[in-house]
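Here's the structure, in structure tokens; my notes come after.
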Amino acid sequence: MSAAPDITAHLLAWFDRHGRHDLPWQHPRTPYRVWLSEIMLQQTQVSVVAGYFERFVAALPDLPALARAPQDEVLALWSGLGYYARARHLHTAAKLCLERHGGELPHDLDALIALPGIGRSTAGAILAQAWGDPAPILDGNVKRVLCRVFGIEGWPGQPVVEKRLWAIAESLLPPTRLADWTQAQMDFGATLCTRANPACALCPLQDVCVARRDGRIADLPAPKPGKPLPQREAHLLLAEDGEGRVLLQRRPPTGVWAGLWSLPQLDDAAQARAWFCDHLRGDASATQALLPIEHAFSHYRLRLHPLRARVEGLKPRIADNDGLRWARRAELSAIGLPAPIRKLLQEQTA
DNA sequence: AACTCGGGGAC
DNA sequence: GTCCCAGAGTT
């Protein structure tokens, strides 16, 4: 674990050289423009927001103009950005600012959070960027960076993890340069400590990063737990003849492993036995069940139950065609096999 | 704590 | 195709 002053100092120095200093909402950086940009940037990437932001502030350049605008105009300016509740909340909040705060954005954490569309992180970003207040933020960038630098386990969206991240974010606040600090964290996460393939070799925190130290850059932050994938079962027939050859069957032209050579695959044990009796000469009762193979697809998990058997050959009626072939072990490396099948064959014929 | 809300970019 | 993105509000 490293000291907070080191992290902030390194990150601010990095920001001075490599941060983004020319974003549209930075010039001029007024509370209204900061607010609008933060709302637009919720769950939306900078490159997408930039054009919408410029169009929006050209039409509605300040808070009173937004408050006076009809909702249809606000929604039209938002059209294409998505999450349209953001636009409605923005509009409502502007009108509330006229009533409650003299037509300006309140310079106060609780008053900001009381406005629709502004949560703790957006409020912190507004306070820090518009007024230089020592307020933490916790967006996707900061979550990712903190999980890596401090080696935080668990999905960052989980409330208990989020609570811990807020505490760390609070503890890192530097005594000065709060606007730059806020922007530095986001620029760092967005351009260097990226989700995939972070540029660790260029990282100012590479010597203090726990994930880097432990070789766990790819594992942190933990991904959102997905819904459990459906589990399917299938049975494989690993049939070997007297010459040590293995019987392969070509996969159908559609579906998983389409067109690859694999082992005869059946839905259940009874069908596997029936297939054996239909196609093979040998003792169907003298088979050896091997340990199941687990394989994950994007949309389901497949548990394969291999059944190993010594056979004399194919039945006379079954020609060595229609998707069946015998393969010597030495040939296997040149045949297109599914990865789990190749692994199984390597283990079983080694 | 889980769900909803959009559209797009990166892979 | 999946996952995520400068999250917040609702249930």
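- Salt-bridge annotation for R325(A) and E331(A): present, with a side-chain N of the basic residue lying under 4.0 Å from a carboxylate O of the acidic one.
- Note: NZ (K163(A)) to P (dA1(B)) measures 11 Å, nearest angstrom.
- Atom CE in M186(A) sits about 13 Å away from atom C1' in dC5(C), given to the nearest Å.
- Nearest approach of I341(A) to L263(A), heavy atoms of both residues: CG2-CG, 4.0 Å.
- Rounded to whole Å, the distance from CG on L41(A) to C1' on dC5(C) is 10 Å.
- For R33(A) (side chain) and P24(A) (main-chain N/O), a donor-acceptor pair under 3.5 Å exists by modelled atom type.
- Following rounding to the nearest Å, Q158(A) (CD) and dG7(C) (P) show an atom-to-atom distance of 19 Å.
- Between the side chain of H10(A) and the backbone N or O of Q206(A) there is no donor-acceptor pair closer than 3.5 Å.
- dA6(C) sits 24 Å from dC3(B) when the P atoms are compared, rounded to a whole Å.
- Contacts between residues 123-147 of chain A and DNA chain C, defined by a heavy-atom separation under 4.0 Å, are made by D139(A), G140(A), N141(A), R144(A).
- The nucleotide whose nearest atom lies closest to any side-chain atom of V46(A) is, among dA6(C), dC11(B), dG9(C), dA6(C).
- In plain terms, the two heavy atoms of A169(A) and I137(A) that are nearest each other are CB-O, 3.8 Å.
- Within a 6.0 Å sphere centred on CZ of R328(A), heavy atoms belonging to other residues, nucleotides or ligands number 12 at most.
- Within residues 107-122 of chain A, no residue is approached by DNA chain B to less than 4.0 Å at the level of any non-hydrogen atom.
- For the P atoms, the distance from dT11(C) to dG6(B) is 15 Å, rounded to whole Å.
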Kindly give the atom pairs (protein nitrogen or oxygen, nucleotide nitrogen or oxygen) under 3.5 Å for nucleotides 6-8 of chain B.
| from | atom 1 | to | atom 2 | distance (Å) |
| --- | --- | --- | --- | --- |
| dG6(B) | OP1 | Y83(A) | N | 3.3 |
| dG6(B) | OP1 | Y84(A) | N | 2.8 |
| dG6(B) | O4' | Y83(A) | N | 3.1 |
| dG6(B) | N7 | Y83(A) | OH | 3.4 |
| dG6(B) | O6 | Y83(A) | OH | 2.7 |
| dG6(B) | N1 | Q43(A) | O | 3.1 |
| dG6(B) | N2 | Q43(A) | O | 3.4 |
| dG6(B) | N2 | T44(A) | OG1 | 3.0 |
| dG6(B) | N2 | L81(A) | O | 3.2 |

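- Comparing N197(A) and V160(A) against DNA chain B, the residue whose closest nucleotide sits nearer the 5' end is V160(A).
- Between the side chains of Q42(A) and R86(A), not a single donor N or O lies within less than 3.5 Å of an accepting N or O.
- Taking the six-membered ring for Trp and the full ring otherwise, H18(A) and F188(A) have centroids separated by 6.0 Å or more.
- If you check every strand for non-hydrogen atoms under 4.0 Å, W78(A) touches nothing.
- For H305(A) and E233(A), the side-chain atoms include at least one donor-acceptor pair closer than 3.5 Å.
- Around the CG atom of D278(A), the shell of radius 6.0 Å holds more than 12 heavy atoms that belong to other residues, nucleotides or ligands.
- Rounded to whole angstrom, the span from the CZ atom of R88(A) across to the C1' atom of dG9(C) amounts to 11 Å.
- Nucleic acid contact class of E162(A) (heavy atoms, under 4.0 Å, all strands): none.
- A salt bridge does not link E153(A) with R164(A): every distance from a Lys NZ or Arg NE/NH1/NH2 to an Asp or Glu carboxylate oxygen is 4.0 Å or more.
- In this structure, the CH2 atom of W155(A) is 14 Å from the C1' atom of dC5(C), given to the nearest Å.
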